[in-house]
Amino acid sequence: MSQHSINNDWFTEAFDTLYPIVYSHRSIDAAAPEVHFAAQVLGIRDGSRLLDLCCGTGRHIHHLSQFRASLYGLDYSAELLRKAQELVGDRASLVRGDMRTIPFVDSFDVIVNFFTSFGYFLDMDENLAVLHGIKSALKPGGRLFMDHINMQSVRTTLQPHSQREVGHYAIDEKRWIDDNTQRVNKRTRITGPHGDMQEISESVRLFRPDEISGYMAEAGLHVEAIYGDYEGNALTVEAPRMILVATA
Ligand SMILES: C[S@@+](CC[C@H](N)C(=O)[O-])C[C@H]1O[C@@H](n2cnc3c(N)ncnc32)[C@H](O)[C@@H]1O
């Protein structure tokens with residue numbers, strides 16, 4: 001496969017049985033301080049209605065359930081939702097759906113979107129549709145917490161090639177930035193214990209903070225704070241993340 005052949009629907013294959021192996025470091029425990037920070041910033045109140053958009057295996061919902069909020073999770077991956085159901089049981093309502101067509105209107109006080117779960121679509125209008133869907137799923141005055149990649153630190157720290165092992169799996173990862181599309185792309189080759197090999201692709205749009213704030217404003221979401229990490233530090237060139245808090 002050439003470096004340049006990323007399909008618009010790459011996400012339909014990337015988030016299946018191999019995802020929890022490739023991203024095993026994104027664990028339930030690692031989600032605890034992330035939820036702690038989000039709750040501090042958002043001030044989640046008893047009775048709040050909260051949606052984890054792109055909830056994956058439910059690792060953030062697991063920690064969010066310490067608050068007396070009404071919890072919902074939406075994700076496209078049947079496999080990751082199955083794991084989420086196992087983890088959170090009846091502590092949340094889980095819905096299979098596509099973030100471009102969020103099936104809720106005027107429903108939530110808070111929407112959270114953790115760990116680079118935005119900017120997936122090659123056509124920017126489809127990413128904008130996600131923001132419009134978030135705006136209409138939030139109650140007026142509701143808030144969005146979005147944790148995205150810091151474009152500047154990705155540009156300076158990107159490792160073009162790395163190899164590692166997770167259990168009996170050998171993982172070979174190639175990463176590159178496409179300046180034409182402003183996307184960071186990744187191709188991962190996973191070789192299993194019996195020599196069986198699978199490849200998955202990932203592709204995420206990079207945004208300058210002013211650019212994503214502009215797109216959010218177009219959708220009626222007003223960015224009120226931007227952080228560079230889960231400790232509340234400012235967004236700098238070296239900051240690991242770009243965390244946005246916006247109000248509908
Ligand atoms: C990087 S993972 C993050 C998952 C979770 N937020 C976490 O931190 O563990 C991105 C998630 O987005 C979901 N996803 C990808 N494309 C989607 C789509 N079109 N609609 C809804 N969910 C999608 C994937 O299934 C996956 O669970």
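Counting starts at 1 for both ligands and their atoms, in listed order.
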*Short list, please: which atoms of ligand 1 are under 4.0 Å from a heavy atom of C55?*
5 (C)
*When you look for heavy atoms under 4.0 Å from ligand 1, do you find them on the side chain of F115, its backbone, both, or neither?*
both
*When only distance counts, is R59 in polar contact with ligand 1, meaning an N/O pair under 3.5 Å?*
yes
*asked:* Taking 4.0 angstrom as the limit and counting only heavy atoms of G97, give me the atoms of ligand 1 inside it, by number and element.
replied: 20 (N), 21 (C)
*With a 4.0 Å cut-off, would you call E224 and R143 a salt bridge?*
yes
*Side-chain ion pair, R187 and E202, N-O less than 4.0 Å*: no
*Judging by distance only, is a nitrogen or oxygen of D52 under 3.5 angstrom from one on ligand 1?*
no
*So between Y19, F114, F121, whose heavy atom ends up nearest atom 2 (S) of ligand 1?*
Y19
*Kindly confirm or rule out an N or O of D98 lying under 3.5 angstrom from an N or O of ligand 1.*
yes
*Donor-acceptor pair between Q152 and E238 side chains, under 3.5 angstrom*: no
*asked:* Just to confirm my output: which protein heavy-atom neighbour is closest to atom 20 (N) of ligand 1, and how far is it?
replied: M99 N, 2.8 Å
*asked:* What I want to check is whether the side chains of R175 and S162 have a donor and an acceptor closer together than 3.5 Å.
replied: yes
*Sub-3.5 Å N/O-N/O distance, Y76 and ligand 1*: yes
*asked:* Test: ring-ring contact (aromatic ring centres under 6.0 Å, His included). Region: residues 76-95. Which pairs qualify, not counting sequence neighbours?
replied: F11-Y76
*asked:* Side chain, backbone, both or neither: which applies to L80 and ligand 1 if a contact is any heavy-atom pair less than 4.0 Å apart?
replied: side chain
_Enumerate the salt bridge (Lys or Arg N to Asp or Glu O under 4.0 Å) contacts for residues 83-95, please, sequence neighbours excluded, ordered by first and then second residue._
R82-E86
*How about F121 and W10: are their ring centres within less than 6.0 Å of each other?*
no
*asked:* Ignoring hydrogens and geometry beyond distance, is a side-chain donor-acceptor pair present between D147 and Y230 at under 3.5 Å?
replied: yes
*May I ask you to list the atoms of ligand 1 that are less than 4.0 angstrom from any heavy atom of S77?*
25 (O)
*asked:* Do the side chains of E211 and R205 get close enough for a salt bridge, i.e. N-O under 4.0 angstrom?
replied: yes
*Of H60, H63, H148, which meets ring-ring contact (aromatic ring centres under 6.0 Å, His included) against F114?*
H60
*atom 15 (C) of ligand 1: which protein heavy atom is closest, and how many Å away?*
Y120 CE2, 3.5 Å
_Among all protein heavy atoms in this structure, tell me which lies nearest to atom 16 (N) of ligand 1, with the distance rounded to 0.1 Å._
F11 CD1, 3.3 Å
*Closer than 4.0 angstrom: is that true for some heavy atom of T57 and an atom of ligand 1?*
no
_For atom 13 (C) of ligand 1, what is the closest protein heavy atom, and at what distance to 0.1 Å?_
D75 OD2, 3.3 Å
*asked:* Show the atoms of ligand 1 that are less than 4.0 angstrom away from any heavy atom in H60.
replied: 7 (C), 8 (O)
*Can you tell me which residue and heavy atom of the protein come closest to atom 3 (C) of ligand 1, and the distance to 0.1 Å?*
S117 OG, 3.4 Å
*Give a yes or no on this: more than 12 heavy atoms of other residues, nucleotides or ligands lie within 6.0 Å of atom NE2 of H168.*
no
*asked:* My understanding is that we take every heavy atom of each candidate and find the minimum distance to atom 12 (O) of ligand 1. Doing that for A14, C54, A30, which one comes out nearest?
replied: C54
